[in-house]
Amino acid sequence: MRVRDLPLADDLVAHYESAGIVELYPPQAAAVDAGVTRGENVVVAVPTASGKTFIAELAMLTSEGPALYIVPLRALAREKYETFSELPGVEVGISTGDLDSAEELGSYDIVVATAEKVDSAIRSGASWVDDLACVVVDEVHLLGSKGRGPTLEVTIATLGRRAPDVQVVALSATVDNPDEIADWLGAELVRSRWRPVDLRTGVYAEGRVDFDDGSTLAVAVDEDEENADTAATVELVRGAIDDGGQCLAFVRSRREAEALATRLSGEGIGTTDALAEEIREAGQADTGRRLAECVEGGVAFHHAGLRAEHRALVENAFRGRELKCICATPTLAAGVNVPARRVVIRDQKRYTGSGMEWLPVLEVHQMCGRAGRPHLDPYGEAVLVAGDEAGREELRERYVGAEPEAVESQLADREALRTHVLAIVASGFADSQRGVLDLLDATFYAHDRPEESLAGLVESVVADLVEWEMLTAETGENEASEGETEGGTNDGEAEGGNESGGTLAATALGEAVSRQYIAPQTGARIVGGIETMRGMESVTGLTALEVVCDTPDMHGTYLGNRERATMYQYARRHAAELTTDMGATDRFERWLESVKTARILLEWAEGASTEELVDEYRIGPGDLESRVERAQWLLGAAAAVADVVGGDGTAFREVRERLVPDLSDE
DNA sequence: GACGAAAGTGTTTAGACAGCATGTC
DNA sequence: CTAAACACTTTCGTC
C-alpha cells in the first residue's frame with residue numbers, strides 16, 4: 001500500500017513523499033485496512049518506532065473535523081506539536097500546564113494536550129471537546145499506571161460520552177492484553193511485532209553476549225576490574241561507538257548515571273564543546289557543571305534531577321548525533337524519541353521503598369525498543385548485563401523471552417476515585433450516585449467487571465467527600481440527619497437501604513477543589529490549615545508553605561538521617577508559624593519532610609540561588625524547579641480555597657508572588 | 001603506642017501531570 | 001520481604 005493510494009490531499013502526499021514515506025509499513029497498512037482513514041476506532045499495539053505517529057496523522061487528517069492528540073508528558077506534547085506543525089495546511093494548537101496556544105482551542109485542526117489538561121478542560125466546561133471528530137490517545141498502556149491511569153480512562157470515557165460519534169485511535173506499546181483495550185473502545189485491534197529496523201536482544205555474562213537470534217558477541221573485559229558489570233557496560237558502549245553507532249546505557253540511580261558518564265567521558269569517545277558551552281549557559285549549579293564536563297567527552301547523563309532545559313539539550317544533541325552516549329535512569333525509556341544503535345541495561349532492579357524490585361517487563365522492553373535508528377542502523381541491539389551464568393538464565397527468562405504485563409485499571413484506588421467522583425458531580429455530569437456510576441460504567445475498569453464492584457467504593461468515597469464538605473447528599477425519603485458523623489469510614493455500610501437514590505451536589509468548596517485540579521485530600525488539608533491559621537498570631541510565608549507542602553499533591557523532599565535532627569530543631573524554633581502540632585501528628589516523618597520542602601521554598605522566595613539550595617539540601621536543580629512550579633500552583637489553589645471558605649488567603653498570595661520561577665539566568 | 005589497612009556499620013536510592021494571569025520581539 | 005554502592009567508623013595487625 002502506497003501513500004498516494006490513501007485518501008489524502010495532494011500537498012499532504014507530496015509532503016510525505018518528500019520525507020521519504022512512499023510505501024506504508026505493514027502495521028500502518030493493517031491500520032488502514034482496519035479503518036483508521038474511514039473513521040473507525042482502532043487500537044494499535046506495536047513496538048516503538050514502527051510508525052505509530054503516521055497512523056495517528058492518518059486518522060486526524062482524514063477525520064471530518066478537529067482532532068485531539070493526548071500525550072502523557074509535556075516534553076512529548078512539544079515533540080508532537082512540532083511534528084504535526086510541519087504538515088501542510090494544518091493548524092496545530094498545544095495545551096499543557098506550562099504551554100498554551102493563544103487562540104481558542106476549537107479553532108485548530110489538531111490540538112496536542114496532556115490527559116490532565118483535557119480532563120481539566122472538560123471539568124471547566126470547554127465546549128470544543130463536543131466538536132471533536134477524532135481523538136488519538138498516545139501510550140494508552142498508561143491506563144495501568146497507578147497515579148495517572150485513572151485520569152486517562154475517565155477522560156476517554158467522558159469524551160466518548162460527550163461526543164458519541166468521535167473516532168478513537170489508541171496507540172499502545174506491546175502489552176499482554178491489547179484486545180481488552182480494543183474491546184472496551186469498540187475498536188479493531190492491530191497488533192504486530194514488526195519493526196523497521198531489526199532488533200536483537202541479548203544477555204551479557206562472563207565475557208559474552210548471547211543474542212536471541214543465536215548469535216554471540218565476545219566482549220573483552222578487564223579481569224581485575226572491581227566491578228564487572230560496569231566494566232562490561234563500558235566495553236559494550238565503546239564497542240557500539242567504535243562501530244559508528246550511538247549508545248544508551250540505563251542504570252539504577254542518578255548517582256550511578258553520573259558516575260558512569262564521568263567514567264565514559266574519559267574514554268576518548270568524542271567531543272562536543274559547543275554543547276558543553278550551551279549547557280554551562282543554561283545553568284551553573286554543580287550538576288550542570290558536571291554535565292558540561294562529561295559532554296566535553298562526548299557523553300551525557302540524564303535524569304530528573306536535571307533542569308528541563310538541560311534534559312532537552314541532551315536529547316536534541318543525541319538525536320543530532322552530536323552526542324555519542326547517554327547514561328540515564330529509566331526517565332529516558334518512556335520519554336521523547338531518542339533512538340540508538342545499541343542499548344545497554346546494566347541494572348534491572350530498582351529501589352522501591354521496600355527493597356529492590358525487578359523492573360516491569362514492559363519497562364525493560366521499552367528501553368530495549370530504543371535500539372535501532374531507522375535509516376541509520378542496519379540493526380538495533382539491546383543488551384542486558386547479568387552478573388554470572390545463573391543471572392543470564394534468569395534475565396533471559398524474565399525479559400528476553402517474556403510477554404509484558406497486562407494493563408490493569410487502577411480506578412479502584414480510593415484517592416483517584418475521590419477526585420473523579422467529585423469532578424463528575426462538580427461539573428454537573430451527575431447529581432446522584434446512580435448517575436456517577438452510569439458515567440463510570442464507560443470506563444476501562446467497569447468494562448469487564450460487574451457494576452456492583454464500584455458501587456460500594458463510590459458510596460464510601462462519597463461519604464469522605466460529604467465529611468469534607470465538598471459534597472452534600474440529600475436523601476429523598478428520610479430527612480437528612482445532620483451531625484451524625486458515623487465515626488467509622490467502613491466501606492459499603494449501606495445504611496437505611498438504597499442510598500443511590502439521593503441527590504448529590506457539590507458545595508462551593510467542592511467546586512473550587514475540582515476546578516483548581518487539586519486532590520480532595522489536598523483540599524481538606526488546606527481547609528484545615530486555613531482554620532488553624534485563623535487562631536494563630538504569626539502567620540508567615542512559612543505557614544502558607546507548610547500547609548501546601550503537607551499535601552499529597554506536593555512530593556516530600558528526602559530527609560537524610562543527619563538532616564533530621566537539624567530539621568527538627570528548625571521546626572521547633574518556628575513552631576509558632578506552623579499549623580501542625582508536631583507532638584500530636586501521627587505522620588511525623590512525612591510531615592518533617594514537608595517542613596524541609598517548605599523551608600527550601602521559603603529560602604528560594606527570599607532570593608537564594610539554585611546553587612546554594614542544591615548544595616545545602618542535596619536536591620537536584622530539576623527537583624527544585626519542579627517543586628517551585630508545583631508550589632505556585634498549590635499556593636494559587638489554596639488562595640482560591642480560602643476565598644471560598646471565608647478564610648484569609650493573603651499569606652498564600654504573598655509567598656506565591658515572591659516565588660518567581662527562576663532568578664539564576666544570567 | 002602510632003599508624004594504616006581491613007572489616008564493619010549506617011545511609012541512600014526513579015519519575016513528574018495539573019490552575020491562573022500576563023507579558024514579548 | 002528480595003540489593004548494592006558508598007561514606008564513615010571501628011577494629012585489628014604490624015612495626
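Since the structure is predicted, the reported quantities are computational estimates derived from the model, not experimental observations. The figures that follow rest on heavy atoms only: side chains count, while hydrogens, waters and symmetry mates do not. We name chains A, B, ... by the order of the sequence lines, and we start the count at 1 in each one.
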Report all interatomic pairs (protein N or O, nucleotide N or O of nucleotides 2-7 of chain C) with separations under 3.5 Å.
unit_1	atom_1	unit_2	atom_2	d
C/dT2	O2	A/M356	O	2.2
C/dT2	N3	A/M356	O	2.8
C/dA4	O4'	A/R252	NH1	3.4
C/dA5	OP1	A/N227	ND2	3.4

Not counting sequence neighbours, which residues clear salt bridge (Lys or Arg N to Asp or Glu O under 4.0 Å) with A/K117? List them please.
A/D100

Taking five pairs at each terminus, the helix from B/dG1-C/dC15 to B/dT13-C/dA3 shows an axis bend, to 10°, of 10°

Does A/S253 or A/E116 map to a spot on DNA chain B nearer the 5' end, using the closest nucleotide for each?
A/S253

Close N or O pairs between protein and nucleotides 20-25 of chain B (under 3.5 Å):
unit_1	atom_1	unit_2	atom_2	d
B/dC20	O2	A/R656	NH2	3.4

Strand-adjacent residues in residues 647-655 of chain A, judged by heavy atoms under 4.0 Å from DNA chain C:
none

Does OP1 or OP2 of B/dG15 have a side-chain N or O of A/T329 closer than 4.0 Å?
yes

For A/K596, enumerate each residue passing the salt bridge (Lys or Arg N to Asp or Glu O under 4.0 Å) test, keeping only those at least two apart in sequence or located in another chain.
A/E563

Output yes when at least one side-chain N/O atom of A/T331 is less than 4.0 Å from OP1 or OP2 of B/dG15, else no.
yes

Who pairs with B/dC25 - Watson-Crick or G-U, where each distance is under 3.5 Å:
none

Would you kindly give the NE2-to-C1' distance between A/H302 and B/dA16, to the nearest whole Å?
13 Å

Any A/R618 side-chain N or O less than 4.0 Å from OP1/OP2 of B/dT12:
yes

